[in-house]
Every structure is written in C-alpha cells, then in structure tokens.
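The figures that follow rest on heavy atoms only: side chains count, while hydrogens, waters and symmetry mates do not. Per chain, numbering begins at 1; letters A, B, ... match sequence-line order.
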Amino acid sequence: MSTVPDPTPPTDFIRERIRSDLQSGRVQRVVTRFPPEPNGYLHIGHAKAITLNFSIAQEFGGRCHLRMDDTNPAAEDQEYVDGIQADVRWLGFQWDAMYYAADYFDQLYLWAEQLVQKGLAYVDDQDVDAIAATRGTLTAPGTDSPFRGRTPAENLDLLRRMKAGEFQDGSRVLRAKIDMAHANVHLRDPVLYRIRHLPHQRTGNRWCIYPMYDWAHGQSDSIEGISHSLCTLEFEVHRPLYDWFCDALGIQKPQQIEFARLNVEYLLTSKRRLLQLVEGGVVDGWDDPRMPTLRGLRRRGYTPEALVAFCKHVGVAKFNSTHEFGLLEFFLRDHLNKTALRRMAVLDPLRLVIDNWPAGQVEMVDAQNNPEDPTAGTRQVPFSGELLIERDDFLENPPKDFFRLAPGREVRLRFGFFVRCTGVDKDATGKVTAVHATYDPATRGGNAPDGRKVKATIHWVSAPHALQAEVRLFEQLFTVPDPAAAENFLAVVNQNSKRTVSGWLEPSLRDAKGGERFQFERLAYFYCDHKDSRPGAPVFHRTVTLKDAWAKAQKKAGG
RNA sequence: UACCCCGUGGUGUAAUCGGUAGCACAGCAGGUUUUGGUCCUGUUAGUUGCUGGUUCGAGUCCAGCCGGGGUAACCA
C-alpha cells in the first residue's frame, strides 16, 4: 500500500516493548485499539494513531478494535460516530471489532459499587468549585473533603440514589479515595461519576450518571483484552491512575504506552480550534479542502495511501517534534505521480494563433495518460489553429534562462507540433492579448524529423474545444508555520487560502467524475470534487503543485 | 515552586547486550527527459544540550546542570 517501501521493519520503543512482552510471556496476543471520542471529525493527527494501532496489530498478527470513547453525551453526536467510521475505512483500515464505551456502563457501575464497598470510593456533596478549590495546586497539597469519611453503606446508598436520578446535575459526584496530598494531582481523589440528566446517543435515557475518562478508559481496555493501550504524551500522568483502578478491581491490566502526537507545520490539530474555524465560518465546514481533517484532506485530493505512508515514515517517539510540511507533500506527490492521469488545462490563458494552420481544420493528437504507467494508455486531444497557452509560458523580453515561448523562439506544444513565435497583439495599455506563431507540419506528435531540438515543451488547449470549469486553488490556511503558538490563531489565517478561477480544460475532462485525481501537466495535481461536481460540470481542487524549479529560481533571484 | 517525560545534521528519525553516527525529506551541483515534473548520480551539513565520572572504548551507563514539553475540567 505504501508507495515508498520501507526496507526494514519498523523499530521503535513501542514495538520493542511489545516484542519483549511477547517474549516474556506477559502477553500472548497483541490487541490494540483506536479510541476516539465522537465529538468531532478525525484529523491528520488521528491518522498517525490509527496507522500505528492498526499496523502494529497487523505486524504482530493481533487484533485492533475501533472504540467510541463516548462517555460524555454533552459533547458527542451520532453524526461523528458515523463520520469517524467512514474516515477510518477511507484510510484503508478495517477494525476487527467495533465497540462503544457506553456498552460498558453497566459493568463500570458494578465496579463502582465494588470500589465503594471496599471503602475506596465515596460520594462527595461538594460542588465543582469546592472540589477545585480543595484539590490544591501543582505545588501545594489538597485537602480532604468533609464527606470523605462516609461509611461504605452510606456511600452505596447515595450512589444508588445518584443512579436512580434523585439528585440534580452537579449536586454530587462519586470520587475515588486515594490521596489528596499526592504529588500527582490526578491521584487526588479523582471524580468517577458526575450527574448529567442528558440522553446519550447510544443508551438513550437509561443513565443520568456518566463515567469520567479515567474511570472508563482503562477498564474498557481491560474488558476488551487490550494488550497495549497506546495514547499520546499528555496521558502520561494518568497512567498511575489507570494502573490503580485495574489493580483495585483486580482485573487484567493492559500496558499504557504514550507517544508524541503528530505535529506538522501550518496544520492545526486541536479539535477545539478546528471547531472554531468551522463555527466561525473561516472555512466552509469540516470537509473544507483546507482543513487538516481526514475528510478535508480527502476533498483536497490527498490519497489515503500517501497519508499512511507519511504516518509510517514519521514513526513514533516520545520527542515532541514538528514535521516540515514538505515531507507530507513529498509522500503526496510520490503517490500521485504514479497514479494520477495526465491532462492538459490552462488556468491563466493567453491566446496563441497559428497563422499558417488551415482555417477550420481540427486534428486529433495522441496524448499519453501517464508516462509513469504505460498501462494507463493514451487519449485523443483536439488541436486547432486557435489555442490557449499559459500566460507564464510567454515572455516578450525573456531572460537568457527562460526556455519557453518568446518572439522568434520555437517550442514544442506537448503531443502536438513545434511552433515558432512570429509576433504579438497588444491592447492600448501594451498588454499582450495574443501571440502569433507558425507551426511545422512535419513535427506532428512532437518530434522533428530533422532532429532539431527545442528547449521547452508547453501545454495548451484548443480554444474552440475547451471546457470551462471551476477550479479552486488553495494555499496554506495559515500564514505562519505554527499557528497554534500565535496569540490569536484566527489572526494568522491566510486571507488568500482559497482562490476560485475559471479554467480552460481539454474536453476529455468533461467526463471527470467526483473522486478522480489528475495531474494538469506542468501545473499541479487536481481532485475532481465529489461534492460540488455535476455531470458535465466538474469542479477541481488543486491538491498540491508540481515542484517548479523555474518558479523557485525566480523567487530566489527576486529576493 | 511539585511530579512526570524528553534533548542526535535545516526538519524528522535510526544506531543489536557500550565498540567511534546511518536513513528520509529539504538544500546544493551535474546527467536524462515530449511535464523547468519524474528518474539517476554526486554533494553540503552533526564536536549526538552542557560539565564531570565509570570504561581500553559512551549517543548508548552514572551524577549534576541547562533547555524544551506535559499535568491542577463534574473534558477526552
């Protein structure tokens, strides 16, 4: 699946740990899981976690589960549950089992009663502010709740009444009885259950108390027989609690291992901020082609293969790093180069009139669909005396290192003929409105029988045959590589991140279907939008430009 | 000021139980080319955060220091 094969099997601290667990016999079978909370759509950061968990299961002949971490109905929605499943499938992974934390609510509650009976949990009547105030700070210990000394019997009665719906939201919580002076604040009597009279997308109105992350996650892993519970670095300080609960309940204890989350220049991977972009109308939705969400990347034209190859390449470590955006582009271009069909399109047109072309004549020329893939075949493209070329491909007074069309110069029209520029038309302001040329009939197909060479090949489209279509050109959504570090990330939004132009495309593109990817030769890779395209009226999204040595040199020379 | 984690070329990431630093991307320079794309070749760049210590030998072990990150939701 990966287009850039990794010659050596991946070695990293997680796989090393798994190998040693297998060797020591602590683990017989590798079982991993991807546990998203259905409160938003998946983004590229999740792609790393998904790739990691599913690949490890594959490599070790184990299983990987998809589990909705749906313990907070206030934030979650069925829309996201469906979206997440679709996105994981799109990436190319299939879970061995689909689970929901909500399906464990009964078991979780039974365990809570167990903890209460053991004297390891109590009902606290303090409100949220009081609990926060008595938790202490990072440097100062907390103080015991006045309700900490309740008897197991009293706690059990209160817990049952909490569950029965006798109390109002926020009036009581169930807390673990650990140590209010612990150096790790997560062990200072963490909250296990809060009261929320809210329907849950999966359990309806059956519950009015919902478990907190810490109380639900480790046990969910344990129930599913997860061998290695992989999560990001910020959960490192939760691990002692994860272990404490499993030990207190005497259940199988998975090994939590933390790794650094994925960071890529110019991309935001904070659900909160992405939500702000969507709700603030900065982008057109979760699937806006500028979004780093999987559905956004998909509409932009990214391939799942490129994303997975990228995720595999970056590997996994504990060091907090940020990858250059260019690395992502490398994997994208690498896959697209091998798979995308070539087409010709002019986005900034300049008329090219071939004065010695027989009036009204049209010839069909053969064009290769993909030089990287001979099996992709060829197509026919109409050639006439009225063409459109890219304005960038003509210069009236060219510098010595400009190889394209200029007065007196001869170039090759890709798959067509050699043409020599004989003059230009200008408007009152001096702007070139058309270029005149003569063609050499002997060069049909693009080769001169006399062996003469040209310095450049440019793309073109026959004006009378061209299909005009909407083409959306995207740039980075942010003007700085690290938008998350900005005082206000909305202030560094790139105002030119989306530009819509009317492109002139070769006629075969009229049949382009949503979801298809093309390379518009010499320009960029484009995705036929599956959302806005209509039969006969495709809409294209620029996925990523081709590398452009000329533009780069120009930019360098210009300062 | 508490606890935990981390620190290898521009960016990332490797280096079996310690044996003198590899790979990818980026950069630069050539070559090939009907895409100034692709491909091929070569090349620049690291005193492995610092200082000590152990050792015949340390990126790998120990100590101290410096730097970065995480953690105080009835979020996950």
Side-chain angles (χ1 to χ4, degrees), chain A residues 4 6-8 10-12 35-37 39 69-72 74-76 124 126-129 131-132 135-142 169-175 182-188 191-196 209-210 212-214 216-217 231-240 258 260 265 271-272 313-331 333-334 337-338 342 344 367-368 371-372 401-404 412-416 418 443 445-447 453-459 519-524 545-553:
Chain A
V4 175
D6 260 327
T8 54
T11 61
D12 53 64
E37 181 188 15
N39 68 342
D69 218 344
D70 54 354
T71 58
N72 182 10
E76 299 150 8
D124 194 340
Q126 295 184 108
D127 64 21
V128 58
D129 296 327
I131 288 177
R135 185 159 16 238
T137 67
L138 293 177
T139 54
D169 286 7
S171 61
R172 284 178 174 78
V173 292
L174 181 71
R175 289 229 257 173
H182 203 286
N184 180 341
V185 296
H186 294 279
L187 272 337
R188 319 241 262 227
V191 171
L192 270 39
Y193 276 102
R194 74 284 215 183
I195 301 172
R196 287 279 179 283
I209 58 172
Y210 290 97
M212 298 288 291
Y213 165 83
D214 286 305
H217 203 89
C231 62
T232 44
L233 252 28
E234 66 268 27
F235 290 99
E236 216 151 23
V237 288
H238 290 248
R239 179 157 28 95
E258 311 85 13
E265 287 178 349
K271 275 193 205 169
R272 199 190 100 252
H313 176 87
V314 302
V316 55
K318 302 198 77 160
F319 179 61
N320 236 309
S321 59
T322 301
H323 290 83
E324 288 176 339
F325 190 78
L327 187 66
L328 216 204
E329 287 185 317
F330 167 78
F331 283 97
R333 291 192 183 108
D334 186 61
N337 176 48
K338 291 166 183 150
R342 272 56 170 177
M344 290 198 284
Q368 249 185 314
E372 303 295 316
D401 53 352
F402 180 84
F403 304 149
R404 281 107 96 150
R412 171 166 44 231
L413 293 177
R414 176 137 241 228
F415 304 126
F418 281 14
T443 58
N447 282 306
K453 303 290 184 195
V454 288
K455 298 269 285 192
T457 299
I458 65 175
H459 59 95
Q519 181 197 104
F520 289 178
E521 295 219 25
R522 303 208 307 130
L523 296 176
T545 61
L546 252 34
K547 283 212 279 185
D548 188 343
W550 169 245
K552 191 164 133 189

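Within 3.5 Å, a donor on the side chain of A:Arg342 pairs with an acceptor on the base of B:U35, or the reverse. Scanning atom types as modelled, no donor and acceptor separated by under 3.5 angstrom connect the side chain of A:His182 and the base of B:A2. Scanning atom types as modelled, one donor and one acceptor separated by under 3.5 angstrom connect the side chain of A:Gln519 and the base of B:U35. On a pure distance criterion of 3.5 Å, a polar donor-acceptor pair joins the side chain of A:Glu324 and the base of B:G10. Side-chain to base pairing of A:Glu372 with B:G37: one donor and one acceptor N or O lie within less than 3.5 Å of each other.
The salt bridge (charged side-chain N to carboxylate O under 4.0 Å, His left out) test applied to A:Arg412 returns no partner, not counting sequence neighbours. Considering only residues two or more places apart in sequence or on other chains, A:His459 meets the ring-ring contact (aromatic ring centres under 6.0 Å, His included) condition with none of them.
Side chains of A:His238 and A:Asp214: a donor-acceptor N/O pair is present below 3.5 angstrom, by distance only.
Comparing B:G37, B:A14, B:C75 against the side chain of A:Asp12 picks out B:A14 as the nearest. With B:U13, B:U71, B:G27 as the candidates, the nucleotide lying closest to the side chain of A:Lys552 is B:G27. In the set B:G37, B:G36, B:U8, the nucleotide with an atom closest to the side chain of A:Asp548 is B:G36. Side-chain atoms of A:Leu546 lie closest to B:G37 of the nucleotides B:U13, B:C3, B:G37.
Put simply, A:Thr139 has no side-chain N or O that comes within less than 4.0 Å of OP1 or OP2 on B:C3.
Contacts of A:Arg412 with the nucleic acid, taken as non-hydrogen atoms under 4.0 Å apart, include base atoms. If you check every strand for non-hydrogen atoms under 4.0 Å, A:Arg239 touches nothing.
An aromatic stacking contact between A:Phe319 and the base of B:G7 is absent, as defined here by ring centres under 5.5 Å apart and ring planes under 30° from parallel.
If you measure from atom NZ of A:Lys318 to atom P of B:U8, you get 15 Å, rounded to the nearest angstrom. Distance A:Glu236 CD to B:G70 P: 12 Å, rounded to the nearest Å.
Within the 3.5 Å criterion, the main-chain N or O of A:Glu372 finds no donor-acceptor partner in the side chain of A:Asn337.
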